[in-house]
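Each chain gets a letter, A, B and so on, in the order the sequences are listed, and its residues count up from 1.
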There are 2 protein chains.
Amino acid sequence: MNLLFKALRDPTRRRILEMLKEHDLTAGQIAAAFSMSPPSISYHLDLLKHARLVSSRKKGQFVTYSLETSVLDDSLGWILDLIKKGKHKK
Amino acid sequence: MNLLFKALRDPTRRRILEMLKEHDLTAGQIAAAFSMSPPSISYHLDLLKHARLVSSRKKGQFVTYSLETSVLDDSLGWILDLIKKGKHKK
DNA sequence: CAATCTGTTAGATATTTGCCTAATTATATA
DNA sequence: TATATAATTAGGCAAATATCTAACAGATTG
């Protein structure tokens, strides 16, 4: 849960996730969308991978990243619970 | 959105929100639940307030904090959108 | 095999964050 | 009015974070 929220905290990483929700992308394609050095993007991708929000596979010289949504269920549940319990509070 | 995810990133702040979902609490009551100095808790409460996740009202010398769930809808929508679009991806 | 391309790792650095103690503000009470 | 109590503000500091450039690793291609 901690890794997840940590990953979601950064705007760059959230934008990467938004890009990946459309279709898979290579590291280079992702980096090209930001005015930021490739190593910086690599750092963010690694962080997202550790949070299990993305997966990656290597094909030739390219590394393709995909969005992984299953971990998001946890955060969803946590937030929903807050809203729910908040509601039936007197 | 940025302030919201920033607020949710820290475990202490998440725990404060969980406490407040049960019932309102004064700053002192919240601080008592953590092995952390009152100023530190004050800092977290201020951050939560800036993110509009809590509100506060002063009564005498006490300041009571309440959970505010409306902003959570934004994060919920953002996450749901990721999951949804993630699902019907080829 | 040498050059090139994609991507990551290493190392350095400025900024942000989360914590502390000390001081301050505001309220209540002896 | 002096003192105690609740909470915040101020100032400082160590650790975490996000960025960069340089160097490297692996794959492709002339």
Side-chain angles (χ1 to χ4, degrees), chain A residues 1-20 22-68 71 75 78, chain B residues 1-20 22-68 71 75 78:
Chain A
M1 196 64 138
N2 213 359
L3 275 183
L4 179 54
F5 278 117
K6 171 180 176 173
L8 293 178
R9 189 247 170 287
D10 183 85
T12 299
R13 291 193 288 268
R14 291 200 301 274
R15 201 165 134 219
I16 291 175
L17 295 178
E18 286 169 359
M19 290 170 65
L20 289 177
E22 303 303 336
H23 35 66
D24 296 355
L25 292 167
T26 67
Q29 290 174 316
I30 295 169
F34 295 86
S35 45
M36 197 180 288
S37 70
S40 295
I41 295 298
S42 203
Y43 160 77
H44 286 302
L45 287 171
D46 191 54
L47 218 146
L48 287 170
K49 215 158 81 174
H50 272 90
R52 304 188 181 287
L53 279 163
V54 306
S55 59
S56 70
R57 58 195 183 291
K58 183 159 185 171
K59 188 143 200 177
Q61 13 174 206
F62 298 87
V63 178
T64 300
Y65 285 85
S66 312
L67 179 66
E68 294 295 329
V71 254
S75 63
W78 188 84
Chain B
M1 196 65 138
N2 212 1
L3 276 183
L4 178 55
F5 278 116
K6 171 178 176 173
L8 294 179
R9 189 251 171 286
D10 183 85
T12 299
R13 290 191 290 267
R14 290 200 302 275
R15 201 166 135 217
I16 290 175
L17 294 178
E18 287 169 358
M19 288 169 65
L20 289 176
E22 302 304 334
H23 36 67
D24 296 355
L25 292 167
T26 67
Q29 289 174 315
I30 295 169
F34 295 86
S35 43
M36 199 180 289
S37 71
S40 296
I41 295 298
S42 204
Y43 158 77
H44 287 301
L45 287 171
D46 190 55
L47 220 145
L48 287 169
K49 214 158 84 175
H50 273 90
R52 302 185 183 288
L53 279 163
V54 306
S55 60
S56 69
R57 59 195 181 292
K58 183 160 185 170
K59 187 142 201 177
Q61 15 173 202
F62 297 88
V63 178
T64 300
Y65 285 85
S66 313
L67 179 64
E68 293 297 327
V71 255
S75 62
W78 187 86

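With B:Tyr43 as reference, B:Leu47 is the one residue of B:Leu47, B:Leu45, B:Asp46 to meet the side-chain contact (heavy atoms from CB on, under 4.5 Å) rule.
With sequence neighbours excluded, the residues satisfying side chain to side chain donor-acceptor pair (under 3.5 Å) with A:Glu18 are B:Trp78. Scanning for side-chain contact (heavy atoms from CB on, under 4.5 Å) contacts around B:Phe34 gives B:Thr12, B:Arg15, B:Ile16, B:Met19, B:Ile30, B:Met36, B:Ile41, with sequence neighbours left out. Applying the side-chain contact (heavy atoms from CB on, under 4.5 Å) rule to A:Lys49 yields the partners A:Val54, A:Ser56, A:Tyr65; only residues at least two apart in sequence or on another chain are considered. Residues satisfying the side-chain contact (heavy atoms from CB on, under 4.5 Å) criterion with A:Pro11, sequence neighbours excluded, are A:Arg14, B:Asn2. Residues satisfying the side-chain contact (heavy atoms from CB on, under 4.5 Å) criterion with A:Thr26, sequence neighbours excluded, are A:Gln29, A:Phe62, A:Thr64.
Nucleotides of DNA chain C lying under 4.0 Å from heavy atoms of chain A occupy a range whose first and last members, 5' to 3', are C:dC5 to C:dT17.
Atom NE2 of A:His23 sits about 12.5 Å away from atom CG of A:Leu67, to the nearest 0.5 Å.
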Are any protein N/O atoms closer than 3.5 Å to N/O atoms in nucleotides 15-20 of chain D? If there are, list each pair with its distance.
{"unit_1": "D:dT17", "atom_1": "OP1", "unit_2": "A:Lys6", "atom_2": "NZ", "d": "3.4"}
{"unit_1": "D:dT17", "atom_1": "OP1", "unit_2": "B:Arg9", "atom_2": "NH2", "d": "2.9"}
{"unit_1": "D:dT17", "atom_1": "OP2", "unit_2": "A:Lys6", "atom_2": "NZ", "d": "3.2"}
{"unit_1": "D:dA18", "atom_1": "OP1", "unit_2": "A:Asp10", "atom_2": "OD1", "d": "3.4"}
{"unit_1": "D:dA18", "atom_1": "OP1", "unit_2": "A:Arg13", "atom_2": "NH2", "d": "3.3"}
{"unit_1": "D:dA18", "atom_1": "OP2", "unit_2": "A:Arg13", "atom_2": "NH1", "d": "3.1"}
{"unit_1": "D:dA18", "atom_1": "OP2", "unit_2": "A:Tyr43", "atom_2": "OH", "d": "2.8"}
{"unit_1": "D:dT19", "atom_1": "OP2", "unit_2": "A:His44", "atom_2": "NE2", "d": "2.4"}
{"unit_1": "D:dC20", "atom_1": "OP2", "unit_2": "A:Ser37", "atom_2": "N", "d": "3.0"}
{"unit_1": "D:dC20", "atom_1": "OP2", "unit_2": "A:Ser37", "atom_2": "OG", "d": "2.8"}
{"unit_1": "D:dC20", "atom_1": "OP2", "unit_2": "A:Ser40", "atom_2": "OG", "d": "2.5"}

Pairs: protein N or O with nucleotides 27-29 of chain D N or O, under 3.5 Å:
none

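One can place CG of B:Leu45 at 6 Å from P of D:dT8, the figure rounded to the nearest angstrom.
Within 4.0 Å (heavy atoms only), A:Phe34 reaches no atom of the nucleic acid at all.
Taking 4.5 Å as the limit, every side-chain heavy atom of A:Arg52 sits out of range of all side-chain heavy atoms of A:Glu68. At least one side-chain heavy atom of A:Leu53 sits less than 4.5 Å from a side-chain heavy atom of A:Leu8.
Applying the salt bridge (Lys or Arg N to Asp or Glu O under 4.0 Å) test to residues at least two apart or on different chains, the pairs with a partner in residues 57-67 of chain A are A:Asp24-A:Arg57.
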